[in-house]
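A short write-up of the structure that comes next.
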Amino acid sequence: GTSILTSDAQSMFPVFSSTSEDKVSDVEAPSTSADAVNFDPNDLALEYSDSQFGFSFHYPAGMRSSRSSLGNGVVSVAIAGGEDGTEGFQIMVTPLEEDLTLNVERIRADLPDLAISGIKEFSIDGGTGVVFASDDPGFNGDSREVWFVSNNMLFQMSTYAKNERLLDAVLKTWRFN
């Protein structure tokens, strides 16, 4: 089949210019480094809602959201904070023209040069997803990735390794509208 997975847009973090009850299954994060983002996972006070793609999630106060259209229907959503802007994560949303079962084999077939380790598969809203570590240079060569498919859309969430706990907490609040 055609290669639909790409890693081209992942290094755009941070990107800033000036209801259903379906939940993500728990994604267990490995321990993080001492410089990990300091936040209370029970205090995700802000909500991001995307009416075009029909999803929402909560994230910590003190962070900002930005949404950019990248062409061909692809959208980038960045949530960032911290003095250097490296606390947060990026989500690439890509509409799909074909049904896609996202798994490790598909990622390796479409992106053979992508370094992936610590792989875990999960399900969300009837779709499939993969959590893994990678060496994305846009995240200083140590990134955490959560990619999943739902409602004929590919969601690629990426962050610095130090933000792994944050990404896990946000995923637990994810909803499709």
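Source: prediction; values computed, not measured. Because only heavy atoms are used, hydrogens play no part in the values below, and waters and symmetry mates are left out as well, while side chains stay in.
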* For the residue pair M157 and L171, what are the closest heavy atoms and their distance? -> SD-CD2, 3.7 Å

* To do: Answer whether the closest heavy-atom distance between the side chains of M63 and L166 falls below 4.5 Å.
  => yes

* To do: Measure the spacing between CG of L96 and CG of N151 and express it to the nearest 0.5 Å.
  => 10.5 Å

* **Whether W174 and F155 hold their rings parallel, tilted or perpendicular, with breakpoints at 30° and 60°** => perpendicular

* Structure fact -> Contacts of E121 meeting side chain to side chain donor-acceptor pair (under 3.5 Å) (sequence neighbours excluded), chain-then-number -> none

* Please report the shortest heavy-atom distance between F122 and V130, naming the atom on each side. => CE2-N, 3.5 Å

* What's the spacing between D168 CG and N163 CG if we round to 0.5 Å? -> 12.5 Å

* Verify the distance criterion only: is there a donor paired with an acceptor across the side chains of Q156 and S158 at less than 3.5 Å? => no

* **Partners meeting side chain to side chain contact (heavy atoms under 4.5 Å, CB included) with S69 (sequence neighbours left out)** => none

* Between OH on residue Y48 and OG on residue S66, distance to nearest 0.5 Å -> 8.5 Å

* Residues forming a side chain to side chain contact (heavy atoms under 4.5 Å, CB included) with N140, sequence neighbours excluded -> Y160

* Structure fact -> Closest non-hydrogen atoms of Q52 and D50, given as atom of the first, atom of the second and distance, are N-OD1, 3.1 Å

* Validation row: R106, T101 side chains within 4.5 angstrom (heavy atoms) -> no

